[in-house]
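Data block below; observations after.
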Amino acid sequence: MKRSQINAIMAEADEMIRSYGFVLPPWAYWTPAVFQERADIAQAVISARCGWDITDYGAGRFDEMGLFLFTLRNGRLADLQRGGGMCYAEKLLISKQDQLSPMHTHVVKAEDIINRGGARLVIELYGSDADGRFDDTAGGAVMSDGIRRDFAPGDKLKLAPGESVTLMPGDWHAFWGEGGDVLIGEVSTVNDDETDNIFRDPIGRFADVEEDVAPMHLLVSDYATWLSE
């Protein structure tokens with residue numbers, strides 16, 4: 001993805017987020033230079049990989065297959081492993097109309113996916129085989145706003161604004177906006193986007209960036225190069 005496209009997506013996403021009454025934290029708007037100056041006091045943000053995240057899954061077709069994410073807070077895996085402390089994470093996502101987030105599951109993370117506003121969010125569901133692998137013959141059950149919903153393989157759950165679904169490790173899912181763009185909330189256990197996204201098909205999690213202009217704000221995938229000591 002070109003950096004100019006990423007900058008434009010950031011501005012558009014911020015406008016949509018604000019239109020639904022959400023405001024991102026102050027550090028979201030730091031320039032790269034300010035982030036570098038304040039890296040010492042922002043180590044919790046950096047180490048937890050909080051912040052802007054825009055991906056085309058390495059395919060170069062963002063409008064068809066991609067996702068906007070902003071990680072607001074993220075706990076510590078060590079706390080989750082010992083069963084106490086900061087074991088949770090929270091994100092905002094934007095799924096554009098007919099923009100696919102491809103089929104995947106998680107090994108560790110359980111997540112509530114919440115339609116915070118906009119159009120309907122379509123979630124396509126499959127179960128796992130005995131080893132946790134994608135199984136196109138397997139159904140299952142999820143909780144949607146506390147109500148059990150059984151699903152057959154390939155069933156599509158459609159969430160209107162205010163509705164949610166709880167997805168557990170082994171629940172394979174893909175999603176997209178239907179009839180318009182959707183602002184999504186995600187509340188989950190500790191999030192690890194580097195190792196805990198298991199895709200059905202071999203694709204990349206992060207975009208390759210072409211630096212045609214300067215970044216407006218850093219992506220989480222920029223931290224290692226821009227904020228390294």
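Arg148 has its side chain within reach of Met143: a pair of non-hydrogen atoms, C-beta onward, lies under 4.5 Å apart. Within the 4.5 Å cutoff, no side-chain heavy atoms of Asp136 are placed close to those of Pro153. For the pair Glu12/Lys96, a side-chain contact is recorded, criterion being any heavy-atom separation below 4.5 Å from C-beta on. A 4.5 Å side-chain heavy-atom check between Thr137 and Asp129 finds every atom pair outside the cut-off. The closest side-chain heavy-atom distance from Ile9 to Met1 is below 4.5 Å. The shortest side-chain heavy-atom distance between Pro215 and Ile6 does not fall under the 4.5 Å cut-off. Side-chain contact between Leu183 and Met16 is present, with at least one heavy-atom pair separated by less than 4.5 Å. Put simply, the side chain of Phe70 reaches to within 4.5 Å of the side chain of Leu24, judged on heavy atoms.
No side-chain N or O of Asp135 forms a donor-acceptor pair with one of Ser128 less than 3.5 Å apart. If you check the side chains of Thr195 and Asp192, you find a donor sitting under 3.5 Å from an acceptor. Under 3.5 Å, the side chains of Tyr29 and Asp14 contain a donor-acceptor pair of N or O atoms.
Panel note: side chain Asp196, backbone His106; no donor-acceptor pair is recorded below 3.5 Å. Glu15 places no side-chain N or O within donor-acceptor distance of the main-chain N or O of Ala11, the cut-off being under 3.5 Å. In this structure, Asn7 contributes its side chain and Ala214 its backbone to a donor-acceptor pair below 3.5 Å. The backbone N or O of Cys50 sits nowhere less than 3.5 Å from a side-chain atom of Asn74 that would complete a donor-acceptor pair. Between the side chain of Asp131 and the backbone N or O of Arg133, no donor-acceptor pair lies under 3.5 Å. Without hydrogens or angle criteria, Thr105 side chain to Gly170 main chain gives a donor-acceptor distance under 3.5 Å. Formation of a donor-acceptor pair under 3.5 Å by the Arg76 side chain with backbone atoms of Ala78 is not found in this model. Side chain of Asp212 to main chain of Lys2: no donor-acceptor pair is present (N/O by atom type, distance under 3.5 Å, no hydrogens or angles). In this structure, the side chain of Ser144 does not engage the main chain of Ile147 through any donor-acceptor pair within 3.5 Å.
Annotation: the span from Lys91 atom NZ to Glu186 atom CD amounts to 5.0 Å, rounded to 0.5 Å. One finds the CZ atom of Phe68 at 7.5 Å from the CG atom of Leu92 (value rounded to the nearest 0.5 Å). The line from CE of Met65 to CG of Asp98 is 14.5 Å long, rounded to the nearest 0.5 Å. One finds the CD atom of Glu111 at 9.0 Å from the CG atom of Asp171 (value rounded to the nearest 0.5 Å). For the atom pair CG (Leu80) and SG (Cys87), the distance works out to 5.0 Å, reported to the nearest 0.5 Å. Taken from OG1 in Thr55 to CG in Asn197, the straight-line distance is 9.5 Å, to the nearest 0.5 Å.
Within 6.0 Å of atom CE in Met168, 12 or fewer heavy atoms from other residues, nucleotides or ligands are found, so the atom counts as exposed in its surroundings. Dense packing is recorded around CG of Asp40, with more than 12 heavy atoms of other residues, nucleotides or ligands lying under 6.0 Å away. Applying the 6.0 Å contact sphere to OH of Tyr88 captures no more than 12 heavy atoms from other residues, nucleotides or ligands.
Annotation: salt bridge (Lys or Arg N to Asp or Glu O under 4.0 Å) contacts of Glu64 (sequence neighbours excluded): Arg61.
Leu69 and Ile203 fall within a single hydrophobic cluster, where Ile, Leu, Val, Met, Phe, Trp and Tyr are joined by side-chain heavy atoms under 4.5 Å apart, directly or via other members. Residues Leu125 and Val165 share a hydrophobic cluster, clusters being chains of Ile/Leu/Val/Met/Phe/Trp/Tyr side chains in contact below 4.5 Å. When the side chains of ILVMFWY residues are joined at heavy-atom separations under 4.5 Å, either directly or via intervening members, Leu218 and Val45 end up in a single hydrophobic cluster. Leu72 is connected to Tyr223 through a chain of hydrophobic side-chain contacts under 4.5 Å among Ile, Leu, Val, Met, Phe, Trp and Tyr, so both are in one cluster. In the hydrophobic clustering of ILVMFWY residues, with side-chain heavy atoms under 4.5 Å counting as a link, Ile123 and Trp176 come out together.
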(message) Between Val220 and Thr71, does the side chain to side chain contact (heavy atoms under 4.5 Å, CB included) criterion hold? Intermediate values first, please.
(response) CA-CA 9 Å; Val220 294; Thr71 301; 5.6 Å; no
(request) Report the C-alpha distance between Asp53 and Asp193 in whole Å, list the side-chain angles of each, state the deciding distance to 0.1 Å, and finish with yes or no for side chain to side chain contact (heavy atoms under 4.5 Å, CB included). (result) CA-CA 10 Å; Asp53 185 1; Asp193 280 323; 4.0 Å; yes
(request) Please report the C-alpha distance between His173 and Glu124 in whole Å, then the side-chain angles of each, then the deciding distance to 0.1 Å, and finally whether the side chain to side chain contact (heavy atoms under 4.5 Å, CB included) criterion is met. (result) CA-CA 5 Å; His173 53 285; Glu124 184 179 15; over 6 Å; no
(request) Check the pair Leu67 / Phe175 against side chain to side chain contact (heavy atoms under 4.5 Å, CB included), numbers first and verdict last. (result) CA-CA 10 Å; Leu67 188 64; Phe175 57 89; 3.9 Å; yes
Under 3.5 Å, sequence neighbours excluded: what are the donor-acceptor pairs made by side chains of residues 112-121?
unit_1 : atom_1 : unit_2 : atom_2 : d
Asp112 : OD1    : Thr166 : OG1    : 2.6
Asn115 : OD1    : Gly117 : N      : 3.0
Asn115 : ND2    : Ala119 : O      : 2.9
Asn115 : ND2    : Leu159 : O      : 2.8

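Shown are Trp226, Phe35, Trp52; of these, the ring-ring contact (aromatic ring centres under 6.0 Å, His included) with Trp30 is made only by Phe35.
For an aromatic pair to be called close, the ring centres must be under 6.0 Å apart, and Tyr57 with Phe62 fails this. Aromatic ring centres of Trp172 and Phe151: separated by at least 6.0 Å.
A salt bridge between Lys158 and Glu178 is present, with a side-chain N of the basic residue lying under 4.0 Å from a carboxylate O of the acidic one. Between Arg3 and Asp222 there is a salt bridge, with a side-chain nitrogen of the basic residue lying less than 4.0 Å from a carboxylate oxygen of the acidic one.
What you find for Ser95 and Gly177 is that their closest heavy atoms are OG-N, 3.4 Å. The shortest non-hydrogen separation linking Met216 to Pro32 is O-CD, 3.5 Å.
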